[in-house]
Number of protein chains: 2
Amino acid sequence: MTTIRDVAREASVSVATVSRVINSNGYVNEDTRKKVGAAIDRLKYKPNSVARSLYKKESKTIGIIVPDITNPYFPQLVRGVEDHLIKKGYTSILCNSDEDPEKERLYLDVMKQKYVDGAIIVSNTIDERLLQEYDMPVVALDRSIHKDIPTFAIDNRDGGRAATKHLQDIGCQRIAHIKGPEQIKNAEERYTGYLDVVKNQSWFRDSYVVPGDYDQKKSARATMELLEAHPEIDGIFAGNDVMALGVLKAAESLNINVPEELAIIGFDGIDLTEMTTPELSTISQPIYQMSVEAAETLVALIEGKTNAQSGHVFPSTLIQRQSTNSVKENVT
Amino acid sequence: MTTIRDVAREASVSVATVSRVINSNGYVNEDTRKKVGAAIDRLKYKPNSVARSLYKKESKTIGIIVPDITNPYFPQLVRGVEDHLIKKGYTSILCNSDEDPEKERLYLDVMKQKYVDGAIIVSNTIDERLLQEYDMPVVALDRSIHKDIPTFAIDNRDGGRAATKHLQDIGCQRIAHIKGPEQIKNAEERYTGYLDVVKNQSWFRDSYVVPGDYDQKKSARATMELLEAHPEIDGIFAGNDVMALGVLKAAESLNINVPEELAIIGFDGIDLTEMTTPELSTISQPIYQMSVEAAETLVALIEGKTNAQSGHVFPSTLIQRQSTNSVKENVT
DNA sequence: TTGAAAGCGCTAACAG
DNA sequence: CTGTTAGCGCTTTCAA
């Protein structure tokens, strides 16, 4: 390993001077700058980040905590964050929390010990008080943690409303909802959006709402039971795309035509929705963009920019595809 | 931040003693050990990893380089690695290389500067010589880099053979192949496996092989053209699952029944294959297990265990699902 | 069994 | 404009 001393010796200057040139910091004569630059090149010197971190108490590293990278919603999110951060000179530590507070705490501990500069967190279990102990810049993505933490997410309730209205618009008369997990706020909000639209309809019944736990298989099972009990249902709004895939499978195994007999819409806009037949309509989130903005804000916070925004509510967009491309539409 | 000095003062011992107890290293009297332990608890002291790294020239951090976490094959892989490493006390830095040698080099530079202890790499572009410059333990996952680097992957050629044979076994008479990118070795191997089975068949023609670039849409387009030019094709082996989804879509838009008129099999065994209708047959890789073993070996290498294995060729398994569950089977 | 002290490689006063 | 030096927080000889 070649160190700053080696460079100093090679260039016949002091380490301070070398430090000045590699950090473009303080005055240094043009000639000595060149001399040092040449020495650096000759020795292929790369400054040691660890030593720098120790002194500066910062690491040019951030942590990304997601529940599970295996869940198709997160890769894009993580990618957006990582893409932006590497450009800004930061590396990203990936943490899969499984929504487990123990693990979240463990990761946060490790981050603190490594002088990690900040964190981007997707979680419903982390609470503000815990975070305060760690005292580092944090932004929340997809799910909010606390009013004081900049949050980057869409308006889920609004999206839920849009999905449900869309089913109504194409002529559905009996619209059911496959609901996400109770603990996850955005799932509740999507459900609320659904209720906003249907709860005063004469046909609405509580039994039109069944839990699918953001899981494809559970959703498929729940849909089977739902449709057997309520064959009159002609539209289903699934709380996320993965569950919508489950609905689609259930419909297919019951020999129900989609969209003619049953329209389906999901939520999130993950790539999978384009891969099925029929392709799935969905409420699409600007996932990549959200994550880039979250990363930008985190960097601003870390670098002490006071004008860092306090978060952003993004618009979601309805993407109509075959699964709601109903013939009924012509009827309307 | 509470440091080792604070603890030393609190326990009225020297920092050396505190260091000894936190590292269970060297002799320390039972009583003083307790005293120190108590002080640590009282102060909620956590040792600073950066300082430790500086001295020990190691960071308890490893890098994972994958082409793109957004590609559905990689999340499981990354998850397996991260799961194992965190248990062993290592954190994982995620790097998306986009198969770009520039980026790979950049990441490797950063790793070196951060005293990263080792790397797990999925790449076809990295060459051994480059790696040698960095002089750190490395293991290759999914794609081999060099004979001297422990590699964890399946036998792709064998898998290609199994896929093709399976189509033959269920009665297909004209089997085509959608091929992955030329630069990617495993794609070539799968193709070779296909050739092993079909090249001496009287019906075989070069035009039964078309490029799909591991991309769903390209694969769908290629399949359309292929089937229009060669309606006699009754079985397609796609070089990976994502392309198999493309084949499925193409078939559906041409109104070709799967599997009755066209059987389809993919490769990799990603979760998506279970989500479609019909469900896709595939050659499944033990992705999670491969990644865990790769992580284990990397840790062994880092910790200087000389008995670290030199890699492992895993078995792939045929998973038969609806897309090859042909009626022809009964005919045979 | 314990402590003093010398670094790990770098940055930032402070002098000159 | 440049060099000397004192740390950043920790580990590890070396003495005691």
Side-chain angles (χ1 to χ4, degrees), chain A residues 1-40 43-61 89 109-117 303, chain B residues 1-40 43-61 89 109-117 303:
Chain A
M1 250 225 68
T2 117
T3 77
I4 198 172
R5 305 201 92 75
D6 300 325
V7 178
R9 200 176 309 121
E10 175 83 11
S12 322
V13 297
S14 75
V15 294
T17 304
V18 179
S19 175
R20 284 188 194 103
V21 349
I22 65 189
N23 295 298
S24 326
N25 188 339
Y27 299 96
V28 37
N29 177 17
E30 194 46 38
D31 283 351
T32 51
R33 179 190 307 286
K34 278 198 197 114
K35 213 168 46 176
V36 171
I40 287 175
L43 269 43
K44 295 201 171 79
Y45 168 71
K46 294 265 191 326
N48 179 318
S49 320
V50 176
R52 185 177 283 171
S53 289
L54 181 59
Y55 186 90
K56 313 240 301 186
K57 299 183 191 305
E58 63 172 46
S59 61
K60 290 287 180 182
T61 301
D109 279 343
V110 172
M111 286 185 202
K112 195 73 191 175
Q113 296 185 69
K114 293 200 172 176
Y115 279 156
V116 161
D117 301 331
E303 297 180 349
Chain B
M1 250 224 68
T2 117
T3 78
I4 198 172
R5 302 201 93 75
D6 300 326
V7 177
R9 200 175 309 120
E10 174 85 11
S12 321
V13 297
S14 75
V15 294
T17 304
V18 178
S19 174
R20 285 189 193 101
V21 349
I22 65 189
N23 295 297
S24 327
N25 187 340
Y27 299 95
V28 35
N29 178 14
E30 193 47 38
D31 282 353
T32 51
R33 179 190 307 285
K34 280 200 196 111
K35 213 168 47 174
V36 171
I40 287 175
L43 268 45
K44 295 200 172 78
Y45 169 71
K46 295 263 190 327
N48 179 317
S49 321
V50 177
R52 185 177 284 173
S53 289
L54 181 59
Y55 186 90
K56 314 239 302 185
K57 299 182 192 305
E58 65 171 45
S59 61
K60 288 288 179 182
T61 301
D109 279 342
V110 173
M111 287 184 201
K112 195 72 191 177
Q113 297 185 68
K114 293 199 171 175
Y115 279 157
V116 161
D117 301 330
E303 297 180 349

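All values below were derived from every heavy atom in this structure, side-chain atoms included, with hydrogens, water molecules and symmetry-related copies excluded. Below, chains carry the letters A, B, ... as their sequence lines are ordered, and counting in each starts from 1. Remember, it's a predicted structure, so these values are computed and weren't measured experimentally.
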> dG9(C) P sits how many Å from K46(A) NZ, rounded?
Replying inline: 17 Å
>> For the backbone of Y115(B) and the side chain of S59(B), can you confirm whether one donor and one acceptor N or O come within less than 3.5 Å of each other?
In response: yes
> Taking all non-hydrogen atoms of both residues, which atom of M1(B) and which atom of D6(B) are closest, and how far apart?
Replying inline: O-OD2, 3.8 Å
> Which nucleotide, dT1(C), dA5(C), dT11(C), lies nearest any side-chain atom of Y27(B)?
Replying inline: dT1(C)
> Roughly, in whole Å, what's the span from CZ in R20(B) to P in dG3(C)?
Replying inline: 8 Å
> Which is the 5'-most and which the 3'-most nucleotide of DNA chain D that has an atom under 4.0 Å from a heavy atom of chain A?
Replying inline: dC1(D) to dG9(D)
>> For a quick test of reading the model: is some side-chain N or O of S14(B) closer than 4.0 Å to OP1 or OP2 of dA4(C)?
In response: no
> Just checking S49(A): base, sugar-phosphate only, or nothing, at a heavy-atom cut-off of under 4.0 Å?
Replying inline: nothing
> So does N48(A) get a side-chain nitrogen or oxygen closer than 4.0 Å to the phosphate oxygens (OP1/OP2) of dC8(C)?
Replying inline: no
>> Expressed as a whole number of angstroms, how long is the span from R9(B):CZ to dT2(C):P?
In response: 20 Å
> In whole angstrom, what separates Y55(B)'s OH from dA5(C)'s P?
Replying inline: 16 Å
> Of the non-hydrogen atoms in E10(B) and A39(B), which two are nearest, and what is the gap between them?
Replying inline: CG-CB, 3.5 Å
>> Could you check whether any side-chain heavy atom of K114(B) comes within less than 4.5 Å of a side-chain heavy atom of T61(B), counting everything from C-beta outward?
In response: no
>> By nearest heavy atom, map K56(B) and R52(A) onto DNA chain C; which one lands nearer the 5' end?
In response: K56(B)
> If you look at every strand shown and take non-hydrogen atoms under 4.0 Å, does V50(B) touch a base, only sugar-phosphate, or nothing?
Replying inline: nothing
> Using a cut-off of less than 4.0 Å, is there contact between a side-chain N or O of Y45(A) and OP1 or OP2 of dC10(C)?
Replying inline: yes
> Atom CG of D117(B) and atom CD of E303(B): how far apart are they, to the nearest 0.5 Å?
Replying inline: 9.0 Å
> Between K112(B) and D109(B), does at least one N-O distance fall below 4.0 Å, as a salt bridge requires?
Replying inline: no
>> I'd like to check the side-chain contact (heavy atoms from CB on, under 4.5 Å) partners of V15(A); sequence neighbours left out, ordered by chain and number.
In response: I4(A), R5(A), A8(A)
> Want to settle it: does A51(B) or N25(A) sit nearer the 5' end of DNA chain C, counting the closest nucleotide to each?
Replying inline: A51(B)
>> How many whole angstroms separate atom CG of L54(B) from atom C1' of dT11(C)?
In response: 13 Å
>> Could you tell me how far apart K60(A) (NZ) and dC10(C) (P) are, to the nearest whole angstrom?
In response: 17 Å
>> Categorize S19(B) for me: base, sugar-phosphate, or nothing, with a 4.0 angstrom heavy-atom threshold over every strand shown.
In response: base
> Which whole-number value in Å describes the distance from R5(A) CZ to dC10(C) P?
Replying inline: 9 Å
